[in-house]
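Heads up: the structure comes next, in structure tokens.
Every chain is numbered from 1 and lettered A, B, ... according to where its sequence line falls, protein lines coming before strand lines. Since we're looking at a predicted model, the values are computed, not measured.
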2 protein chains.
Amino acid sequence: METRELRYFVAVAEELHFGRAALRLGMAQPPLSRAIARLERRLGTVLLERDSRGVALTGAGRVLLREGRTALEAVAAAEARTRRAGQPGLVLAAKAGASTDLLARLLAAYEAGPGAVPVDVRLCQYGEQGRLLRRGEVDVALLHLPFDSTAGLDTEELHTEGQVALLPAAHPLAARRELRLADLADLPDLPAPRYPRADGTHPDGPGPAIRDHAQLHQLIALGRTCAVLPESCRTQLRPDVTPVPVLDAPPVTAVLAWPPDSRSRPLAALLRAATGG
Amino acid sequence: METRELRYFVAVAEELHFGRAALRLGMAQPPLSRAIARLERRLGTVLLERDSRGVALTGAGRVLLREGRTALEAVAAAEARTRRAGQPGLVLAAKAGASTDLLARLLAAYEAGPGAVPVDVRLCQYGEQGRLLRRGEVDVALLHLPFDSTAGLDTEELHTEGQVALLPAAHPLAARRELRLADLADLPDLPAPRYPRADGTHPDGPGPAIRDHAQLHQLIALGRTCAVLPESCRTQLRPDVTPVPVLDAPPVTAVLAWPPDSRSRPLAALLRAATGG
DNA sequence: TACGGCGATGCCCGCCGGGTATCGCCGGGT
DNA sequence: ACCCGGCGATACCCGGCGGGCATCGCCGTA
């Protein structure tokens, strides 16, 4: 099975419409129909039920859609990782605005060490780092447990800290010396922010949909929401946002994560710098 | 990147010789050379260092070899799973000769249930089941903890039991009522069998290299080795092999394992039958 | 009944993947 | 020193296949 055939099938399976899929693929519809038919013949299986009104997936089609997507991801990751392995430099993914100081210290320590190569820091939206790692678009990512998943990745813990609530400076709770999570639950005037899920969509709810820290801080300053974040965010607060310790919030651990079996020489040096070795 | 190009590159990277790789691929050497050159041009990276005496991998080449193999495995698994999803029936992998009774009961229970489809039992060598699952060649496998790895698989525990030593009937230890692991360690006349590793190779040592139960039992009967196996193997012993309980051997758990996200209807029915539901 | 949307089919062409022959380079054997 | 042999690259040619255009067949709807 060629990746082109897989791309074609995935496009048709997602659109459930040969014409639209062909448009998406930048080709005409007839060769697409023929390519799918050939694929079905070679697999000895019907993948799509062509009803007079549209297209539906068969059981085998559903299997190939799921498996084909992961196979295409693996091929794309192989390509991206090889491309970057050909040129010097590391690419590190970090949430925009999170752990800025830790990251700065880490990069300074690494660049002071021997054999340092340029590090391209890719700031990304919440939850995007795992995807970038798996897709091979970055070499290493700065994640935060327990928020980010490290399933299938190798990790190195860097730092653990407590959390503070960020509140609009004018809010009554901002005057408190300390808070508990229960104090922040279901505040009608400060609905909880809706962070994106792994697939990039947002859960439903009354609060604002969040993409990155800058947006979150602005929404807090505007009195539209509040958030519970690691203490280290204190160093970069705007004056109209007030931090208050949350005693029972789970501690947050910053970790470096990278795909297994990918310990290149520059990555190893970065890990040495990170662990103070 | 097309899978054909990946296959070509992996062949050359494994052989480190264009001529032999072309032979393995069933093609002539010149088009292979051109395909690799084209791949390098498209990736913008040199993958192979063509020295006048032979071929060597560059750093990027090593990356593409590793990543490309997993990508090709993913494509092959997608193809195999789709092929089998198109036709009814389950394929179950089990070690040849292990847990025969448990397996028989499981299949009987499943086939007595409603909507049972034919189950093709694929008997395989030690440690082969995980590979078959990951390659998509079987739907579900009967594994034994702690011997087999279930990393990356969903599992359902079936049965836990103690272990017995299998000894040549004529051996002095065969007369004992019970044993400890230390009694069996480093016996000069019964060197420990060498079970295959995940990649199919055998560790070094004085004992015989083992592939399956039949071979193992025969070697025990011949007085060439001994083994520690789950108690249930008692039901299928030859008369010239004697079981003796091993008090401190770790208990063995038989588990059903299957790839995550692949709970088809027949597989779900099998799991129901397995858990007595 | 006529029309429109959609996938399949027929037909043609250009390109690319593959084969054969040969070259260029280098290292070793005599 | 020279020649030969092994190996990868290059030159050139060809056939098949992937893709485009036009059209058909089917069916649901107005």
### Query
Any salt bridge between B:Arg7 and A:Glu2, counting N to O under 4.0 Å?
yes
### Query
B:Arg81 versus A:Arg66: any side-chain heavy-atom pair under 4.5 Å?
no
### Range-with-range stems of DNA chain C (Watson-Crick or G-U pairs under 3.5 Å, three or more in a row)
C:1-30 with D:1-30
### Query
Using a cut-off of 4.0 Å on non-hydrogen atoms, how would the nucleic acid contact of A:Ala28 be classed: base, sugar-phosphate, or nothing?
sugar-phosphate
### Query
Rounded to the Å, how far apart are A:Gln29 CD and D:dC24 P?
15 Å
### B:Thr58 side chain to B:Val46 backbone, donor-acceptor under 3.5 Å
yes
### Task
Please state how far atom CZ in A:Phe18 lies from atom C1' in D:dG19, giving the value in whole angstrom units.
16 Å
### Contact interval (first through last nucleotide) of DNA chain C with protein chain A, 4.0 Å heavy-atom
C:dC6 to C:dC11
### Derivation and outcome, side chain to side chain contact (heavy atoms under 4.5 Å, CB included), residues B:Leu57 and B:Leu64
CA-CA 10 Å; B:Leu57 283 169; B:Leu64 186 57; over 6 Å; no
### Message
Rounded to whole Å, please give me the gap between CG in A:Leu32 and P in D:dG19.
### Response
9 Å
#### Entry: Presence of salt bridge, B:Arg69 and B:Glu14, under 4.0 angstrom
yes
### Task
Of all the heavy-atom pairs spanning B:Pro203 and B:Tyr195, show the shortest one and how long it is.
CD-O, 3.2 Å
### Task
Tell me, yes or no, whether the heavy-atom count around A:Arg224 atom CZ, taken from other residues, nucleotides or ligands under 6.0 Å, exceeds 12.
no
## Note on the structure
Between CG of B:Leu16 and C1' of D:dG6 the distance, given in whole Å, is 16 Å
### Task
Could you tell me whether B:Arg84 and B:Asp139 have a side-chain N and a carboxylate O separated by less than 4.0 Å?
yes
### Query
Within this structure, what is the CG-to-P distance between B:Leu39 and D:dG8, rounded to whole angstrom?
17 Å
#### Entry: Heavy-atom check, side chain of A:Gln215 versus side chain of A:Pro208, under 4.5 Å
no
### Message
Counting the atoms with a prime plus P, OP1 and OP2 as sugar-phosphate, which does A:Arg38 contact under 4.0 Å by heavy atoms, base, sugar-phosphate, or nothing?
### Response
sugar-phosphate
Show the distances under 3.5 angstrom between N or O atoms of the protein and N or O atoms of nucleotides 12-15 of chain D.
none

#### Entry: Atom CD of A:Glu49 with >12 non-hydrogen neighbours under 6.0 angstrom
no
### Message
Please compare B:Arg20 and B:Pro31 by the position of their nearest nucleotide in DNA chain D and report the one closer to 5'.
### Response
B:Arg20
### Query
How about A:Leu92 and A:Asp120: do any of their side-chain heavy atoms sit closer than 4.5 Å?
no
